[in-house]
Chemist: 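One structure coming up, written as structure tokens, with questions to follow.
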Amino acid sequence: MKNISHSVEQTMDIAEKFAETLHGGETVLLNGDLGAGKTHFAKGVARSLGVDDVVTSPTFTLHNSYGGRLTLNHFDFYRIDDCEEVAILGLDELFSVPDAVALIEWSENVGRLLPSKVITVTVTKLGDNEREIEIKR
């Protein structure tokens with residue numbers, strides 16, 4: 001499924017509608033270049049899950065967890081060179097938790113640790129405010 005967003009708020013709205021379909025246990029891979037809008041998509045998912053906290057990209061902490069209708073485990077593996085680092089920290093154990101949703105940015109850096117069943121969301125910058133958001137289940 002492909003959507004075109006013309007604003008940050010529209011990106012968050014698309015993410016919010018997508019998150020309404022989540023029941024827990026899902027691992028969602030957020031793909032896109034730096035500045036494409038992955039974190040805004042994550043904010044929309046969080047809003048749909050009832051998260052009240054401010055959602056930020058965990059670029060330096062690797063993982064942020066937020067409480068809501070389901071726990072949101074948000075990962076950013078941009079700085080990971082060796083997926084063994086993630087395994088040693090046990091973060092891969094949070095990818096398919098039944099009462100949580102895992103959102104993973106830069107998943108290609110931890111490819112072999114990912115579960116076999118994932119949802120892929122690709123955010124592509126088309127212009128200053130325009131984004132294509134493709135969701136593959």
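The structure presented is a predicted model; accordingly, all values stated were derived computationally and were not measured.
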Chemist: Quick one, Val55 and His74 - any side-chain contact, counting heavy atoms below 4.5 Å?
Modeler: yes

Chemist: May I ask you to decide if Ala100's main-chain N or O and Thr71's side chain share a donor-acceptor pair within less than 3.5 Å?
Modeler: no

Chemist: So do Leu103 and Val45 actually touch side chain to side chain, heavy atoms under 4.5 Å?
Modeler: yes

Chemist: Roughly how far apart are Glu20 CD and Leu22 CG, rounded to 0.5 Å?
Modeler: 9.5 Å

Chemist: Could you tell me the separation between the CG atom of Leu114 and the OG atom of Ser107, rounded to the nearest 0.5 Å?
Modeler: 5.5 Å

Chemist: Is there a side-chain contact (heavy atoms from CB on, under 4.5 Å) between Glu130 and Ile4? Walk through the geometry before answering.
Modeler: CA-CA 7 Å; Glu130 194 172 51; Ile4 300 295; 3.7 Å; yes

Chemist: Pick one: which of Lys43, Arg131, Arg47 meets salt bridge (charged side-chain N to carboxylate O under 4.0 Å, His left out) with Glu9?
Modeler: Arg47

Chemist: Just verifying a value: how many Å separate Ser57 OG and Leu62 CG, rounded to the nearest 0.5 Å?
Modeler: 10.0 Å

Chemist: Provide the closest heavy-atom pair for Pro115 versus Ser96 in the form atom of the first, atom of the second, distance.
Modeler: CG-OG, 3.4 Å

Chemist: Do Thr122 and Ile133 have side chains that get closer than 4.5 Å, going by heavy atoms?
Modeler: no

Chemist: How about Glu108 and Asn31: do any of their side-chain heavy atoms sit closer than 4.5 Å?
Modeler: yes

Chemist: Can you check whether His63 reaches Asn73 side chain to side chain, under 4.5 Å on heavy atoms?
Modeler: yes

Chemist: Please report the shortest heavy-atom distance between Pro58 and Phe75, naming the atom on each side.
Modeler: CG-C, 3.8 Å

Chemist: For the residue pair Phe18 and Phe41, categorise the inter-ring angle as parallel (less than 30°), tilted (30 to 60°) or perpendicular (more than 60°).
Modeler: tilted

Chemist: Of all the heavy-atom pairs spanning Ile14 and Ser5, show the shortest one and how long it is.
Modeler: CD1-CB, 4.0 Å

Chemist: Kindly work out whether a path of hydrophobic side-chain contacts (I/L/V/M/F/W/Y, heavy atoms less than 4.5 Å apart) joins Val101 to Val97.
Modeler: no

Chemist: Would the Tyr78 and Trp106 ring centres measure less than 6.0 Å apart?
Modeler: yes

Chemist: Are His40 and Lys38 side-chain neighbours, meaning at least one heavy-atom pair lies under 4.5 Å?
Modeler: no

Chemist: More than 12 foreign heavy atoms under 6.0 Å from CG of Asp99: is that the case here?
Modeler: yes

Chemist: side-chain contact (heavy atoms from CB on, under 4.5 Å) for Ile135 and Ile119? Distances and angles first, verdict last.
Modeler: CA-CA 7 Å; Ile135 301 169; Ile119 301 168; 4.1 Å; yes

Chemist: Determine the minimum heavy-atom distance between Thr11 and Gly37, stating which atoms define it.
Modeler: CG2-O, 4.2 Å

Chemist: The test is side-chain contact (heavy atoms from CB on, under 4.5 Å); show your working for Phe77 and Leu91 and say whether it passes.
Modeler: CA-CA 11 Å; Phe77 295 129; Leu91 294 177; 4.1 Å; yes

Chemist: Of the non-hydrogen atoms in Tyr66 and Thr56, which two are nearest, and what is the gap between them?
Modeler: OH-N, 3.3 Å

Chemist: Between Val118 and Val110, is there shared hydrophobic-cluster membership here, with clusters defined by ILVMFWY side-chain heavy atoms closer than 4.5 Å?
Modeler: yes

Chemist: Using only atom types and a distance under 3.5 Å, with no angle test, would you say the side chain of Asn129 pairs donor to acceptor with the backbone of His6?
Modeler: no

Chemist: Is there a side-chain contact between Leu113 and Val86, using heavy atoms and a 4.5 Å cut-off?
Modeler: yes

Chemist: Kindly compute the distance separating NZ (Lys17) from OG (Ser48), expressed to the nearest 0.5 Å.
Modeler: 10.0 Å

Chemist: If only atom types and distance count, is the side chain of Gln10 paired as donor or acceptor with the main-chain N or O of Val8 below 3.5 Å?
Modeler: no

Chemist: To the nearest 0.5 angstrom, please state how far the CG atom of Asp76 sits from the OG1 atom of Thr39.
Modeler: 7.0 Å

Chemist: When clusters are formed by joining ILVMFWY residues with side-chain heavy atoms under 4.5 Å apart, either directly or through shared neighbours, do Ile104 and Val121 land in the same one?
Modeler: no

Chemist: For Leu29, is there any backbone N or O sitting under 3.5 Å from a side-chain donor or acceptor partner on Thr120?
Modeler: no

Chemist: Just checking Asp82: does its CG atom have more than 12 heavy atoms from other residues, nucleotides or ligands closer to it than 6.0 angstrom?
Modeler: yes

Chemist: Compare every heavy atom of Glu26 with every heavy atom of His23, then report the nearest pair and how far apart it is.
Modeler: N-OE2, 2.9 Å

Chemist: Are Ser65 and Leu72 side-chain neighbours, meaning at least one heavy-atom pair lies under 4.5 Å?
Modeler: no

Chemist: Would you compute the distance between atom CD of Glu105 and atom CG of Leu34 and round it to the nearest 0.5 angstrom?
Modeler: 9.5 Å

